[in-house]
Structures are given as structure tokens and as C-alpha cells.
Amino acid sequence: MSDELSKTYEPKEVESKWYKTWEDGKYFAPKKGKTGKSYCIIMPPPNVTGILHAGHALDITTQDALIRFKRMKGYESLFLPGMDHAGISTQAKVEAKLWDEQKKTKDDLSREDFLKMTWDWKDEFGGNIANQQKVMGASCDWDYSMFTLDPEANEAVRKAFVSLYNEGLIYQSDYIINWDPKLQSAISDAEVIHEEKNGAFYHLHYKVKDSDIKLEIATTRPETLLGDTAVAVNPNDDRFKHLIGKKAIVPICNREVPIVGDEYVDIEKGTGCLKVTPGHDFNDFDIGKRHNLEIINILNKDGTLNSFGLEFEGMTCKEARKKTVAKLKELDLFVDEKNHVHQVGHGERSGVVIEPMVSKQWFVNTDAMAKSSVDAVEQNQMTFYPKGWENTYFSYQRNPRNWCISRQLIWGHRIPVFTCQSCNHQWADEEVDPSACPKCSKGDLIQDPDVLDTWFSSGLWPMTTLGWPNKERMAERGFERFYPTSVLVTGFDIIFFWVARMMMMGEKLTGKVPFEKTYIHAIVRDKLGRKMSKSLGNGIDPIEMCETYGADAFRFTLAAGSGYNRNINLDVERIGGYRNFINKIWNAYRFIKPHLDLAKSELPTDLDAQEKWIISELNQTAKVMNESIEDFRFDDSCSALYSFIYDSFCSWFIELSKGTLSGEDLELRTRRATVLKFCFKDIVKLLHPFSPFITEELWQDLKEPSEDLLITQEYPEFQNSMIHELEQENMNKFIEIVSGARNLRQSVNIKPKEKVDLHLFTDEEQLAKFLEENQLGIKELANAENINVSKKSSDRPQKAIMKATTHTEVFVPLEGVIDLNEQVKRLETDLKKTTKDFEKYDKKLSNEKFLANAKPEVIDDVKTNHSDLKEKIESLQERIKAFS
RNA sequence: GCGGCCGUAGCUCAGUGGGAGAGCACUACGUUGACAUCGUAGGGGUCACAAGUUCAAUCCUUGUCGGCCGCACCA
């Protein structure tokens with residue numbers, strides 16, 4: 001740092017300089033600290049080919065603040081980064097590229113060629129996001145970084161799979177699943193998003209065989225009738241129960257299907273008759289199972305109708321629906337059509353309508369795991385912050401559904417299940433490429449073609465990244481020390497996807513929860529509260545923000561907006577505001593810098609009142625910081641720091657120090673410079689977790705030669721020896737008096753440069769003494785020539801303006817003409833307001849029940865306020881009388 | 001349908017059973033050597049509405065209105 005500081009802080013070079021210094025110096029590597037304890041955060045791995053968005057920026061900010069805080073507190077701290085292969089989205093990007101460049105689909109390539117192309121893509125674009133995280137200041141130990149498709153991660157996935165498979169918890173089954181016709185893959189329930197769509201109820205007629213009866217059936221999806229294998233009625237429904245056991249005739253395909261009785265059918269709903277399509281409806285699938293119905297799949301993988309679609313074969317469901325309705329009209333089996341708004345499932349990634357379809361897939365039975373994951377939270381082995389989010393977690397985990405984990409994709413972890421062509425034996429293997437069947441020892445094996453749901457590997461991530469299941473790797477990476485990890489920081493949208501799965505897998509495979517706390521942070525939205533999206537163009541690019549305002553300001557903005565809230569509506573102007581704050585700190589330092597040569601390294605014991613006050617305020621701030629960061633109340637941390645630095649330190653303490661520092665008294669100057677330096681050292685320490693760069697930069701100038709970088713310094717703690725209650729009380733009065741004097745000046749348009757005399761009247765002896773001792777300060781801050789402190793029994797100036805503060809009357813005598821009417825009016829306004837307050841207390845004190853029931857400290861407070869306000873009222877009344 | 005959250009200053013939000021808060025925005029004045037990315041001072045709120053519990057309710061309870069979210073239901 002040069003001797004001449006620029007007038008405004010320039011973050012750019014400072015930031016890259018310090019990041020490099022920290023990284024090159026291995027400052028992010030975990031080191032044993034004074035507590036002997038460890039602290040670990042596993043970063044939610046972003047998509048390998050993704051770019052940093054505002055949500056990531058918040059992730060990084062909160063996690064890095066916690067890590068830096070704990071590191072300074074003396075914990076062996078590890079911020080462990082990684083990247084996710086993001087099966088669906090990465091494959092989709094590569095498929096798009098393949099089509100753009102070669103007009104080919106993945107099916108035109110061999111599996112191996114497609115995989116190679118994807119790896120090439122990953123090598124080309126992967127890792128950008130890590131560089132962006134570095135710009136944000138993330139103090140991750142990059143040596144730990146892992147990719148979900150690394151061999152180590154694969155090993156963990158195979159180990160977990162085999163273990164669950166052998167326990168019978170992973171099984172293959174023909175079951176109804178959500179089919180995404182665009183991805184041409186199964187997806188899990190959680191990946192289906194329901195959206196309201198306008199549709200219609202179509203009322204149709206199904207004939208009953210060997211009778212004239214026509215059953216009226218309502219449906220939103222008439223085209224699925226081609227897959228109907230029953231008609232269901234409620235067995236208690238008098239209208240229809242006699243038909244149970246007879247056959248109905250499905251229109252168009254003229255299939256004869258049984259009429260079954262099933263309690264699921266609601267007599268009140270619709271027409272009371274239900275067409276049953278076990279192949280394409282979740283509830284119908286269950287009915288089908290109960291009645292042993294045939295399952296007919298009428299769809300191709302791309303969502304068009306197959307040969308069961310008869311004349312509609314090859315059409316999409318939407319087209320087929322229209323044609324079916326037309327055909328039914330032709331056949332005179334169409335009754336009616338009513339508009340209807342209903343929820344339709346869409347693929348989270350693909351956006352297309354999801355088709356329920358029966359298909360052979362791999363599932364995890366999560367019943368037992370889900371239950372124990374609920375117990376763990378109920379027993380506080382893992383705690384949600386804010387606590388309310390546990391309800392969301394419980395609502396998922398108390399109603400577990402079997403988890404479909406197979407995906408018909410290429411990019412991902414291949415399912416490690418092999419089938420022997422010779423003896424048909426099927427088994428799961430931890431080996432990548434087993435050579436022979438364990439049963440018949442023949443070598444003609446085929447592996448299941450599917451890959452696993454990305455969330456399967458994500459669920460193992462806290463274990464995988466710490467070396468599990470390999471003993472050597474676990475020792476090397478510190479599994480024993482870091483697992484369970486300390487806290488998981490993430491958004492509420494993946495409580496089910498990720499938090500729940502990690503909980504289940506962690507407990508199942510290691511017997512321990514994977515993290516002790518989960519902090520659910522807000523979703524970053526635009527300033528109008530809208531979700532950031534490409535189509536709205538309202539996204540905020542973190543890198544652009546760092547370039548415009550500096551990473552420190554951007555981080556501080558995000559942290560200041562983070563507490564237990566659900567949304568952060570991020571206004572770019574806000575970042576500008578905090579950039580100004582960062583600049584303020586820079587300039588505050590620019591002011592004290594020339595005096596630092598005088599400063600001693602130890603805080604002296606003979607502090608004056610102002611110094612005791614600022615030390616006390618600093619101490620109070622340290623207390624709030626320690627408590628609020630621990631509770632994830634970063635909003636409280638930031639506001640405590642902001643007001644301490646801006647108001648207490650800059651507006652009052654620095655202003656009060658100017659006289660001393662430019663004065664003659666070397667002893668006073670030395671002591672004041674020492675206190676300023678002491679405070680500033682603590683300020684940069686306190687701020688470091690949120691704004692690491694400027695603080696490290698300033699630390700270079702402040703530190704003793706023997707001291708290391710700020711990132712390794714001890715975080716300030718609250719200390720009893722630094723409490724100075726009396727000085728805090730007096731300074732509050734002092735501030736009230738100075739502000740009152742300034743207010744008086746402005747009320748009669750006294751120019752800021754013009755000096756006035758100040759007469760203060762108080763009967764509080766120790767306050768009077770304090771005011772006498774701090775006359776110089778009052779003079780400078782209120783621009784007064786002379787100060788006079790007297791008892792209230794003394795005469796008041798005749799021609800003056802006056803303001804009543806707690807225990808003290810502030811008078812500014814004036815030359816020339818005073819508009820007394822105006823002064824009386826001003827005082828009367830004050831009197832009215834004060835009287836109103838006073839009456840509230842007066843009423844309480846005259847209420848016997850209050851005196852009998854209220855807590856003693858409350859009564860004391862009320863009494864104090866009562867007498868303070870009474871004193872103020874008397875002052876005001878007296879002055880009004882004198883002026884009138 | 002079930003469940004949850006929220007309604008406090010123009011905006012974004014803290015907050016507590018006992019004196020209504022912050023930041024931003026706004027108004028007036030101001031270039032005294034840290035800072036105009038600044039300073040000083042100021043205006044602004046029936047704490048959605050109603051009832052109840054309490055000595056005391058913005059805070060607890062119930063209801064109403066308004067906004068949001070999750071899950072379920074797709075006859």
C-alpha cells in the first residue's frame with residue numbers, strides 16, 4: 001500500500017492481489033486453531049458448465065462469511081468446493097450442440113462417442129464458475145475440489161448402490177412413473193411441477209355389454225380411453241352397484257372391460273363412474289393393481305400414440321384428444337364438454353407435459369430412511385435455521401414415496417447392475433467392469449444401460465467429498481474431523497431434492513447425519529420481487545456487480561439482506577449504497593493514517609470519557625457480531641457494524657478526535673491515536689468475514705510487523721473489561737445536546753460557519769461535570785464560541801432560542817430580532833408531543849393494578865421516563881411563559 | 001381440499017407483552033482538509049380490519065379481508 005491513498009477506494013486490483021496472496025499462501029487450507037475444534041461447510045456443487053448467478057453469489061457470501069468467521073475464531077475450517085455433472089441440463093446442452101453442428105441426435109452416435117463429446121464440453125466450459133467464485137472471494141480449499149463424475153465419486157456411488165441393492169432397498173419394477181417425452185427419460189415426482197392449465201371435462205358414453213345402458217363418464221383426457229382396461233364405480237353407489245361384474249365397451253377400440261367396484265371412486269364427484277387407465281394414471285394404476293387389471297401402454301417414448309392408438313397412431317396426445325372427441329361425436333357417444341381449470345404436470349427441466357407411464361425402472365424404497373431422517377430432526381441431531389423450514393422437510397419426509405432413480409440418459413453414473421447372459425443372474429457390483437458372473441463364472445455380461453438420477457450422487461456428497469468409502473482417502477481428507485459437517489447452506493427449493501436425500505443417505509450409510517445445521521437462505525429476486533429469469537432479462541450478474549461496485553460491497557449488500565427472510569429483493573442501487581459505505585471506511589482510514597506513527601500497540605489504561613465510550617460501543621458491536629453470525633442473522637451483523645462504523649466511529653469519534661489530533665498536547669494525541677488504531681484494527685477484523693478484501697488491504701497498514709494476514713487473526717470477542725456504562729450514558733446525552741444545538745441553529749437559519757454561544761442548564765451534577773470536561777468537543781461539533789454550564793436555578797438568557805433535552809436545557813442566545821411567536825410555536829409543538837408521552841406514563845403510575853402486576857424493572861423504567869419527561873415539560877412550559 | 005407464511009414509513013424489510021425502528025428514497029441548508037461514493041437537520045406510520053385475553057396488545061387468541069407458497073386432487 002502506498003503512502004498516498006487515493007480519495008476513493010479502487011477495489012479491482014486490491015481484490016485480485018489479495019485473492020492470489022491467500023491462495024498462493026495456502027491460507028484456505030484447514031489448520032488447527034486455538035479451539036481445537038473443526039468446522040466444515042461443503043459447498044452445494046454448482047453445475048459444471050453453469051455460470052454464476054445471484055443465488056450462487058448469496059451462497060458464496062453466506063458460506064464464506066461463516067468460514068472466515070470460524071477460521072478467525074480458531075476452528076480448523078474447511079470450505080470444500082465441487083462441481084456437479086448436472087445430468088439432464090449438461091446432456092441437453094451437448095445434444096443441442098450436436099444438432100446445431102451436425103444435425104445429429106444422440107442416437108446417431110455410440111454411447112462412447114457421445115460421452116467423449118460431453119467430457120470435451122465439460123473440459124472446455126467447466127470450471128468457469130470456480131473462477132467466478134474466486135472473484136467473489138470464496139475462501140475454499142481448492143485442493144479438495146471434486147467433480148461428481150470423478151473416479152472417487154463414482155466409487156462412492158457404486159458402494160452406496162450395491163449396499164442398498166443388497167439390502168433390497170433398491171429394486172427394479174414395472175411401475176407407473178413420470179415420463180418426460182422430451183428427455184425421453186423417467187423423472188422423479190419431485191422433478192414434476194404442476195401448473196394450472198385451461199382444459200375441459202369431456203363427458204362420454206360407455207355402453208354396457210348386453211344391455212341398453214350407457215354409462216356417462218367424465219374425463220379430462222379422452223384420448224387415454226384407448227388404454228382403458230376397466231370402468232370403476234363405488235360399490236356402495238345404488239345407481240351403479242348392480243353393474244359390477246358386467247362388461248363395459250370402451251368406445252372406438254370396442255374393448256370389453258370389466259366394471260369393477262372400488263372405494264376410491266367418489267360418489268359425489270363427476271358422474272360417479274370412472275374410466276380406468278392403469279397404464280397412464282397414478283390412481284388408476286393402484287386400482288388396476290387391486291383388481292388385477294391389464295396394463296396397456298398406448299404411448300411411444302416421444303409421447304406420441306403407438307399402435308394401441310389405432311387410427312391415431314403417431315399423433316401427439318393433444319392432437320389425438322381432438323380427433324378422439326370428433327370420432328366420439330361421430331359415434332354418438334359424446335355427451336358434453338365443460339371448461340375446466342386443472343393442474344398439469346410439467347418437467348422441471350424440459351418444460352413439457354409429463355406423461356404418467358408404466359415402465360421398468362429402478363427405485364429406492366425410502367420408507368425406513370425417511371422415517372429416521374424425520375427422527376433426526378425431531379431429536380435435534382440436525383436443526384433448521386430458520387426453524388420453520390422443518391415443516392417443509394417433515395411434510396416431504398413423513399409421506400415418502402418410492403424414489404425413481406433410473407434415467408434413460410448417457411451423462412451420469414451408470415447403474416452398476418449386471419446380468420449374466422449365460423445364467424440370467426443379476427447382481428450389483430462395486431467393480432467398474434467385472435469380468436465374470438459370480439454365479440456361473442461365465443464372462444458374457446451386460447450392464448444396465450441407464451444412469452442414476454443426479455440427486456442420487458448428490459445425496460452422498462458430504463461423504464464422498466470427505467473420502468468415503470475409501471479408508472485411506474478418508475484419513476487423508478479428514479473424514480473423522482469434518483463429518484458430520486457443521487452447516488449446510490442452501491435455498492428452500494431443494495430441501496426435498498437435496499437436504500432430505502443427504503439426510504437419508506448419510507444416516508443410512510454412516511449412521512450419522514451429514515450436517516448439524518441447515519441454514520435456508522432467501523431467494524434473490526429483482527427489486528420488484530420478481531424471480532430473475534432470462535426471459536424477463538432482470539438477472540443480476542454477480543461478476544458485473546463485483547466489477548462495478550467491488551466484491552466487498554456486493555457481499556455486504558447480500559449479507560445485509562440475509563436473515564430469516566424468504567426473499568431478497570435486490571436493487572442494484574443498494575449495492576451502490578454499500579459501495580459508498582466501503583468507501584467511507586477507506587476514507588476514515590485515510591484520516592487516521594497520518595497519526596498512526598504516534599500510536600502505541602497497547603491500549604492505555606488512563607482513557608478519557610470519549611475513549612471509554614467508543615471502546616464500549618466497539619465491545620458491544622463485537623458482542624452483536626459474535627451472536628448474530630452464530631445465529632445466521634447476517635442482517636443484524638451488518639446493521640450493527642454499519643451503525644457502529646458510520647455513526648459511532650466516523651460521525652462522532654473521528655469528529656471528536658480532530659481537535660485533539662491537531663492540538664499541541666502530545667500525550668493526548670498519542671493516546672487518541674492509539675485508541676483510533678485499536679478501534680480500526682477491530683473494525684477490519686469484525687468486517688472481514690463479509691468484506692474480506694478492503695479489510696485485508698487496510699490490515700497491511702495497521703498490523704504489527706510480526707502479525708500475519710488478517711484472514712488468520714483472532715475475531716474480536718466481547719470483554720467485560722471493555723464495558724463503560726457511565727460513559728455510554730453520558731455520551732448519549734452529549735449527542736442529544738449537540739444534535740439539539742444543531743437543530744436550534746438550523747431552525748433560525750444560522751449559517752454553518754457562524755459561531756454561536758451555548759448555555760446549558762442541568763441539575764445533574766455528574767452530567768454537568770462531563771459536559772464541562774468535554775466542552776471542546778461540543779464547541780467543535782456544534783460550532784460554538786463559548787459554552788456555559790449552569791444549574792437550573794440560574795437565570796436564562798433573555799433573548800435566546802431553546803431546546804429541552806433529557807435533564808438539560810440548551811440555549812442559544814441571539815443578537816437582533818427574534819420571532820418570538822415562531823419560537824413559542826416550536827416549543828408548543830414539542831410540548832404537545834412530550835405531554836402525550838408523559839400522560840401515557842402518568843396513567844400507568846396512577847393505575848394500582850399496574851403497580852401491583854407489572855414487573856419491577858418495568859415500573860422502574862416507567863418511573864424514570866415519567867420524571868424525565870416531567871422535567872422536560874416544566875422546562876418547556878417555563879420557556880413558553882417567558883417568551884409569551 | 002389440507003398445511004404453512006405474510007400484511008409495520010413512498011420502497012425493501014427488522015422488531016418486541018410495557019417508550020414505533022433501519023437502509024434506501026424524499027425535503028432544506030451546506031465545498032471548515034477523511035469522504036459530494038460527503039456533511040447537518042428535517043418530514044413521514046390508527047403497526048390490514050374487528051372482537052377477545054391482559055393492569056398493559058403492533059406483538060398472544062379467534063374471526064374477516066388481502067397477498068404469497070408448499071402438498072394433494074387431475075372423474
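Letters A, B, ... mirror the listed sequences (proteins, then strands); counts begin at 1.
- Of the P atoms belonging to B/A9 and B/U53, the separation is 29 Å, rounded to the nearest Å.
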Report task. Start with the C-alpha gap between A/Arg525 and A/Asn567, add the side-chain angles, then the distance that decides, and say whether side-chain hydrogen bond (donor to acceptor under 3.5 Å, both in side chains) holds. Result -> CA-CA 7 Å; A/Arg525 295 170 178 277; A/Asn567 296 306; 2.6 Å; yes
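- Comparing the P positions of B/C69 and B/U16 gives an interatomic distance of 26 Å, to the nearest angstrom.
- A donor-acceptor contact under 3.5 Å is formed by the side chain of A/Glu655 with the base of B/A34.
- Here B/A14 is the nucleotide among B/C38, B/A14, B/A75 with the atom lying nearest to any side-chain atom of A/Asp636.
- Between A/Arg633 and B/G15 there is a side-chain polar atom (N or O) within less than 4.0 angstrom of OP1 or OP2.
- Across the protein-nucleic acid pair, A/Ile585 atom CD1 and B/C38 atom C1' stand 15 Å apart, rounded to whole Å.
- Counting any heavy atom pair closer than 4.0 Å across all strands shown, A/Lys836 reaches no nucleic acid atom.
- As rounded to whole Å, 15 Å separates atom C1' of B/G19 from atom CG of A/Asp842.
- No hydrogens or angles were tested; on distance alone, nothing pairs the side chain of A/Asn391 with the base of B/G4 as donor and acceptor under 3.5 Å.
- A/Phe282 comes within 4.0 angstrom of nothing in the nucleic acid, heavy atoms only.
- Of all non-hydrogen atoms in A/Tyr9 and A/Ile582, the two that sit nearest each other are CD2-CG2, 3.7 Å.
- Among the atoms of the strands shown, base atoms are found under 4.0 Å from some heavy atom of A/Thr8.
- Between the CG atom of A/Asp266 and the P atom of B/A75 there is a distance of 11 Å, rounded to whole Å.
- Between atom CG of residue A/Asn587 and atom OG1 of residue A/Thr8 there is a gap of 8.0 Å, rounded to the nearest 0.5 Å.
- Nucleic acid contact for A/Tyr264: base, since at least one base atom lies under 4.0 Å from a heavy atom of the residue.
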Could you list all N or O pairs between the protein and nucleotides 55-58 of chain B that sit under 3.5 Å apart?
{"from": "B/C55", "atom 1": "O2'", "to": "A/Asn847", "atom 2": "ND2", "distance (Å)": "2.8"}

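- Spacing between B/G63 and B/U27 at atom C1', rounded to whole Å, works out to 43 Å.
- Checked by atom type, the side-chain pair A/Glu355/A/His280 shows no donor-acceptor distance below 3.5 Å.
- The aromatic rings of A/His203 and A/Phe201 sit perpendicular to each other, their planes meeting at more than 60°, with 30° as the lower class boundary.
- The separation between A/Ile694 atom CD1 and B/A34 atom P is 18 Å, rounded to whole Å.
- Only the C1' atoms considered, B/C49 is 26 Å distant from B/C55, to the nearest whole Å.
- As rounded to the nearest Å, B/G45 and B/C71 have C1' atoms that lie 37 Å from one another.
- Counting atom types as modelled, A/Arg579 pairs a side-chain N or O with a base atom of B/U37 as donor and acceptor under 3.5 Å.
- Distances shown here put a side-chain N or O of A/Asn743 below 4.0 Å from the OP1 or OP2 atom of B/G42.
- Distance A/Arg525 CZ to B/C68 P: 11 Å, rounded to the nearest Å.
- For A/Tyr646, the side-chain atoms get nearest to B/C38 when compared with the rest of B/C38, B/A14, B/A41.
- In this structure, A/Leu274 reaches the bases: a heavy-atom distance under 4.0 Å links it to at least one base atom across the strands shown.
- In this structure, A/Asp262 contributes its side chain and A/Val265 its backbone to no donor-acceptor pair below 3.5 Å.
- Using a 4.0 Å heavy-atom criterion, one finds that A/Phe581 contacts no nucleic acid atom at all.
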Requested in this report: Could you summarise the pairing of RNA chain B as dot-bracket text, marking Watson-Crick and G-U pairs under 3.5 Å with ( ) or [ ] inside the strand and | across strands?
Outcome: (((((((..((((....[..)))).(((((.......))))).....(((((..]....))))))))))))....
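- Among the atoms of the strands shown, only primed sugar atoms or phosphate atoms (P, OP1, OP2) are found under 4.0 Å from some heavy atom of A/Phe201.
- Side-chain proximity of A/Ser739 to the nucleotides B/A14, B/A20, B/A41 is greatest for B/A41.
- Side-chain nitrogen and oxygen atoms of A/Lys584 include at least one within less than 4.0 Å of the OP1 or OP2 phosphate oxygen of B/G39.
- A/Glu780 is linked by a side chain to side chain contact (heavy atoms under 4.5 Å, CB included) to A/Leu776, counting only residues two or more places apart in sequence or in another chain.
- Using a 4.0 Å heavy-atom distance criterion, A/Thr220 is classed as a base contact.
- Remark: A/Arg742 is in phosphate contact with B/A41, judged by side-chain N or O atoms under 4.0 Å from OP1 or OP2.
- Using modelled atom types, no side-chain atom of A/Glu871 and backbone atom of A/Thr806 make a donor-acceptor pair closer than 3.5 Å.
- Among the nucleotides B/G30, B/C13, B/G19, the one closest to any side-chain atom of A/Pro752 is B/G30.
- Contact annotation for A/Val265: base contact, defined as any heavy-atom pair under 4.0 Å involving a base atom.
- Side-chain atoms of A/Asn583 lie closest to B/C35 of the nucleotides B/C5, B/A34, B/C35.
- For the pair A/Phe497 CZ and B/G70 C1', the interatomic distance rounds to 13 Å; values are reported in whole Å.
- When the P atom is used for both B/G23 and B/C38, the distance is 13 Å, rounded to whole Å.
- Between A/Phe690 and A/Phe556, the ring planes are perpendicular. Angles over 60° get that label, and only those under 30° would be called parallel.
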Query - Criterion side chain to side chain contact (heavy atoms under 4.5 Å, CB included) on A/His291 and A/Val276, from CA distance to verdict - result: CA-CA 11 Å; A/His291 299 278; A/Val276 183; over 6 Å; no
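- The 12-atom threshold is not exceeded at NZ of A/Lys12, counting heavy atoms of other residues, nucleotides or ligands nearer than 6.0 Å.
- Between A/Asn580 and B/C38 there is a side-chain polar atom (N or O) within less than 4.0 angstrom of OP1 or OP2.
- Backbone-only contact: A/Ser651 has heavy atoms under 4.0 Å from sugar-phosphate atoms and none from a base.
- For the residue pair A/Asp228/A/Thr277, the side-chain donor-acceptor check at 3.5 Å is satisfied.
- If you take CZ of A/Phe634 and P of B/C13, they are 19 Å apart, rounded to a whole angstrom.
- Between A/Phe384 and A/Tyr393, the two ring planes are tilted [angle within 30° to 60°].
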